[in-house]
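Here the structure is laid out as structure tokens; the discussion comes afterwards.
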Amino acid sequence: MTWASWTTRGVYSGHGGVLTEEVGPLSGDLTVHTTWAEGTAQITVQYTDAADWFTMSGSPVPCPSEEASRELHEAAVEAVRRGSAATVPVAQPGTDLAAGEAATE
């Protein structure tokens, strides 16, 4: 099984924070974590140094490669920085990730 993970600590959310499945919006000093395995990326967030992780709304999403998962992680970090109840960015065929747009399943 091929997998990869990416973690970015100290991401300060913009106004409105990031939307999570479990508790709604989180804001402040956050850590963003992406795990990619078998064509799927799971993105979670937590208050930096806290114990609990929360699923970023729109996650999991199809993701074809390790390289694409890294790009998705970076786009998710930027979406959190922008705030506005950020959700998992969506990749449109032939375009860059549109950060902050809701993912479709």
Side-chain angles (χ1 to χ4, degrees):
M1 176 169 119
T2 302
W3 68 276
S5 70
W6 317 98
T7 303
T8 304
R9 295 172 46 86
V11 179
Y12 289 89
S13 69
H15 181 72
V18 57
L19 191 59
T20 68
E21 295 294 324
E22 296 86 0
V23 296
L26 297 181
S27 60
D29 181 4
L30 304 173
T31 296
V32 180
H33 180 79
T34 302
T35 301
W36 172 78
E38 298 180 5
T40 301
Q42 173 77 33
I43 302 174
T44 56
V45 296
Q46 73 171 178
Y47 289 109
T48 298
D49 295 326
D52 296 324
W53 288 93
F54 303 100
T55 305
M56 188 171 180
S57 288
S59 181
V61 294
C63 189
S65 68
E66 182 177 340
E67 180 180 332
S69 71
R70 177 66 178 169
E71 292 171 8
L72 177 62
H73 176 78
E74 290 300 321
V77 167
E78 289 306 313
V80 170
R81 286 185 177 133
R82 278 193 295 281
S84 298
T87 60
V88 173
V90 177
Q92 301 296 328
T95 64
D96 290 333
L97 293 170
E101 295 179 11
T104 57
E105 295 185 56

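In this chain, numbering begins with 1 at the start of the sequence shown. Nothing here was measured: the structure is a model prediction, and the numbers come from that model.
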Quick one: does Thr31's side chain get under 4.5 Å of Asp49's, heavy atoms only? no

_I'd like to know whether Trp6 forms a side chain to side chain contact (heavy atoms under 4.5 Å, CB included) with Glu66, so could you lay out the CA-CA distance, the side-chain angles of the two residues, the decisive distance to 0.1 Å, and finally the verdict._
CA-CA 10 Å; Trp6 317 98; Glu66 182 177 340; 4.0 Å; yes

Taken to the nearest 0.5 Å, the spacing of Ser59 OG from Phe54 CZ works out to 14.5 Å

Distance col, row Cys63:SG vs Glu38:CD, nearest 0.5 angstrom, shows 13.5 Å

Checklist entry - Any chance CD of Glu67 has more than 12 other-residue heavy atoms, nucleotides or ligands included, within less than 6.0 Å? => result no

Requested in this report: Start with the C-alpha gap between Val88 and Leu72, add the side-chain angles, then the distance that decides, and say whether side chain to side chain contact (heavy atoms under 4.5 Å, CB included) holds.
Outcome: CA-CA 8 Å; Val88 173; Leu72 177 62; 4.2 Å; yes

* N/O donor-acceptor pair under 3.5 Å between Ser13 side chain and Gly28 backbone -> yes

Out of curiosity, does Leu19 fall in the hydrophobic cluster containing Val23 (side-chain heavy atoms, cut-off under 4.5 Å, transitive links)?
no

request  = Go through the steps for Glu78 and Arg81 under the test salt bridge (Lys or Arg N to Asp or Glu O under 4.0 Å), then give the verdict.
outcome  = CA-CA 5 Å; Glu78 289 306 313; Arg81 286 185 177 133; 2.6 Å; yes

Pairing donors with acceptors under 3.5 angstrom, does anything connect the side chains of Thr35 and Ser5?
no

Value for CE (Met56) from CG (Leu26), rounded to nearest 0.5 Å, stands at 10.5 Å

- [ ] Indicate yes or no: does Arg70 engage Glu74 in a salt bridge with an N to O separation below 4.0 Å.
- [x] yes

Taking every heavy atom of Gln42 against every heavy atom of Pro60, the minimum-distance pair comes out as OE1-CB, 3.5 Å

Rounded to the nearest 0.5 angstrom, the NE2-CZ distance for His33 and Arg9 is 13.0 Å

Scanning both residues in full, the closest heavy-atom pair of Pro25 with Gly16 reads CB-O, 4.0 Å

On a heavy-atom basis, the closest approach of Ala79 and Pro89 is CB-CG, 4.5 Å

Consider only side-chain heavy atoms of I, L, V, M, F, W and Y, link residues closer than 4.5 Å, and tell whether Trp36 and Val32 are in one cluster.
-> no

OG1 of Thr87 to CD1 of Ile43, rounded to nearest 0.5 Å, is 9.5 Å

Looking only at heavy atoms, the pair that brings Ala41 and Thr34 closest together is CB-CG2, 4.3 Å

When rounded to the nearest 0.5 Å, the distance separating OH of Tyr47 from CG of Leu30 is 6.5 Å

